[in-house]
A.B. asks: 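Right, I'll just put the structure down here and ask away after.
Heads up: numbering here begins at 1 and tracks the sequence.
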Amino acid sequence: MTPKSERQDASSRTEPSLLKRGVLFLSLAVLGGGLDLYTKQAIFAWRGLPGEKDIWWVWEPYFGIETAVNIGALFGVGAGKGTLFAAISILAAIGVIVWLFVFRGARSLWLTWAMGLVGGGIIGNLYDRLGLWWDATMNPEWKSGVRDWVLWRINEQWTWPNFNIADSLLVVGAGMLLYQSLFPGQFESLVDEDPSSSETPAEDVAAENVAADASD
């Protein structure tokens with residue numbers, strides 16, 4: 001087998017790795033988004049729309065369940081811009097897929113997990129932004145709002161804005177990306193973990209191409 005044939009054979013073996021990472025990414029995104037939407041539906045069916053019932057405390061007065069609708073973005077910023085946020089979410093989802101599978105970021109297991117969690121968060125909140133949960137009997141301002149239900153606070157003066165599972169997935173995924181950017185090189189073992197699917201550095205590939213072409 002010539003060097004060129006060996007490189008082509010090795011290249012073909014990298015595809016199953018990317019396919020597996022694609023399955024992992026899709027599974028995380030679908031499961032995360034599904035869990036978020038299920039809990040929103042269940043909690044709002046149980047506790048009603050915002051203001052209908054008092055806080056149900058899990059650990060009073062620190063952690064409880066309280067339904068709310070966020071018509072803005074983070075901390076309510078940008079109220080009334082739900083359509084814009086939905087468009088941004090769609091563009092972000094496209095960007096994640098391109099990064100992972102066109103630019104091969106999915107070669108990293110760490111990045112695949114991080115982006116899978118982010119994808120789940122995007123799915124959960126985008127569903128709400130598109131108004132798919134809303135009906136005409138509800139407050140019109142809620143049509144592009146996101147349903148939240150987790151209440152966490154230290155006291156009444158130090159209360160975190162209500163959030164949901166999708167928000168948590170987005171924060172964890174973003175935190176994983178931030179950690180890797182601050183401490184690079186820690187997850188190199190999670191890139192192309194199958195030795196048979198390892199890729200040759202670009203400089204070596206270029207040199208091998210020249211040598212192989214000269215020998216053909």
Side-chain angles (χ1 to χ4, degrees), residues 22-58 63-102 105 112-153 159-178:
V23 171
L24 174 60
F25 166 77
L26 186 61
S27 299
L28 289 170
V30 171
L31 289 175
L35 179 61
D36 173 69
L37 294 176
Y38 173 78
T39 53
K40 287 173 181 174
Q41 178 64 32
I43 295 297
F44 271 64
W46 171 40
R47 305 304 297 168
L49 294 172
E52 290 186 354
K53 292 185 179 180
D54 293 334
I55 301 170
W56 190 84
W57 291 107
V58 177
F63 176 69
I65 295 175
E66 179 187 42
T67 57
V69 177
N70 181 9
I71 61 175
L74 187 64
F75 305 126
V77 175
K81 304 293 184 180
T83 302
L84 174 62
F85 295 135
I88 293 173
S89 296
I90 293 173
L91 291 175
I94 294 173
V96 166
I97 293 173
V98 170
W99 183 24
L100 286 177
F101 303 108
V102 176
T112 304
W113 269 90
M115 291 294 93
L117 297 178
V118 169
I122 290 175
I123 290 173
N125 282 344
L126 179 60
Y127 181 95
D128 284 11
R129 291 291 182 199
L130 294 175
L132 299 177
W133 71 279
W134 182 88
D135 65 53
T137 64
M138 300 178 185
N139 186 336
E141 293 184 351
W142 293 348
K143 188 173 183 178
S144 60
V146 173
R147 292 168 292 175
D148 294 325
W149 56 272
V150 181
L151 173 65
W152 178 80
R153 69 183 188 184
T159 300
W160 193 262
N162 290 27
F163 58 97
N164 55 42
I165 289 179
D167 297 331
S168 302
L169 294 174
L170 290 168
V171 169
V172 172
M176 291 176 69
L177 293 175
L178 178 61

A.B. asks: Are the side chains of L151 and T159 in contact, using a 4.5 Å heavy-atom criterion?
C.D. replies: yes
A.B. asks: Could you give the distance from CG (N162) to CD1 (I55), rounded to the nearest 0.5 Å?
C.D. replies: 8.0 Å
A.B. asks: Please tell me if the side chains of L24 and M115 come closer than 4.5 Å, counting only heavy atoms from C-beta onward.
C.D. replies: no
A.B. asks: Enumerate the residue pairs fulfilling salt bridge (Lys or Arg N to Asp or Glu O under 4.0 Å) with a member in residues 47-56, sequence neighbours excluded, ordered by first and then second residue.
C.D. replies: none
A.B. asks: Tell me, please, which residues at least two apart from W46 pass side-chain contact (heavy atoms from CB on, under 4.5 Å).
C.D. replies: I43, W56, I65
A.B. asks: For W57, which residues count as a ring pair (Phe, Tyr, Trp, His ring centres under 6.0 Å) partner, sequence neighbours excluded?
C.D. replies: none
A.B. asks: Indicate yes or no for a side-chain donor-acceptor contact from T112 to the backbone of F25 under 3.5 Å, with no hydrogens or angles considered.
C.D. replies: no
A.B. asks: Can you pull the salt bridge (Lys or Arg N to Asp or Glu O under 4.0 Å) pairs that have at least one residue in residues 115-125, sequence neighbours excluded?
C.D. replies: none
A.B. asks: What residues form a side-chain contact (heavy atoms from CB on, under 4.5 Å) with S27, not counting sequence neighbours?
C.D. replies: V23
A.B. asks: Are the side chains of N70 and F163 in contact, using a 4.5 Å heavy-atom criterion?
C.D. replies: no
A.B. asks: W99: what forms a ring pair (Phe, Tyr, Trp, His ring centres under 6.0 Å) with it, not counting sequence neighbours?
C.D. replies: none
A.B. asks: Can you tell me if R129 uses its side chain to pair, donor with acceptor, with the backbone of S144 under 3.5 Å?
C.D. replies: yes
A.B. asks: As an exercise, state the distance from CD1 of I71 to CG of N139, rounded to the nearest 0.5 Å.
C.D. replies: 8.0 Å
A.B. asks: Counting C-beta onward and ignoring hydrogens, is there a side-chain heavy-atom pair between W149 and I165 closer than 4.5 Å?
C.D. replies: yes
A.B. asks: What's the shortest heavy-atom distance between I123 and V30, and which atoms?
C.D. replies: CD1-N, 4.4 Å
A.B. asks: Give, for atom CG of N164 and atom CG of L169, the distance between the pair rounded to the nearest 0.5 Å.
C.D. replies: 8.5 Å
A.B. asks: The criterion is side-chain contact (heavy atoms from CB on, under 4.5 Å); which residues satisfy it with V98, sequence neighbours excluded?
C.D. replies: I94, V102, F103
A.B. asks: Among all residues two or more places apart in sequence or in another chain, which pass the side-chain contact (heavy atoms from CB on, under 4.5 Å) test with D135?
C.D. replies: T137, M138
A.B. asks: Does any pair with a residue in residues 119-139 pass ring pair (Phe, Tyr, Trp, His ring centres under 6.0 Å), and if so which ones, sequence neighbours excluded?
C.D. replies: none
A.B. asks: According to side-chain hydrogen bond (donor to acceptor under 3.5 Å, both in side chains), does anything in residues 34-45 pair up with another residue at least two apart or in another chain? List the pairs.
C.D. replies: D36-K40, K40-N125, K40-D128
A.B. asks: Taking the side chain as every heavy atom from C-beta outward, state whether V150 and D148 have any atom pair closer than 4.5 Å.
C.D. replies: no
A.B. asks: Which pairs, with at least one residue in residues 112-124 and sequence neighbours excluded, count as a salt bridge (Lys or Arg N to Asp or Glu O under 4.0 Å)?
C.D. replies: none
A.B. asks: Taking atom CH2 of W142 as the centre, does the number of heavy atoms from other residues, nucleotides or ligands within less than 6.0 Å exceed 12?
C.D. replies: yes
A.B. asks: If every non-hydrogen atom of G124 is compared with every non-hydrogen atom of L37, which pair is closest and at what distance?
C.D. replies: O-CD2, 3.6 Å
A.B. asks: In the structure I gave you, are the side-chain heavy atoms of T67 and L49 within less than 4.5 Å of one another anywhere?
C.D. replies: no
A.B. asks: Mind listing the closest non-hydrogen atom pair of A92 and I122 along with its distance?
C.D. replies: CB-CD1, 4.1 Å
A.B. asks: Can you name the closest pair of heavy atoms from A68 and F44 and give their distance?
C.D. replies: O-CZ, 3.5 Å
A.B. asks: What is the minimum heavy-atom distance between A86 and L126, and which atoms define it?
C.D. replies: O-CD1, 3.6 Å
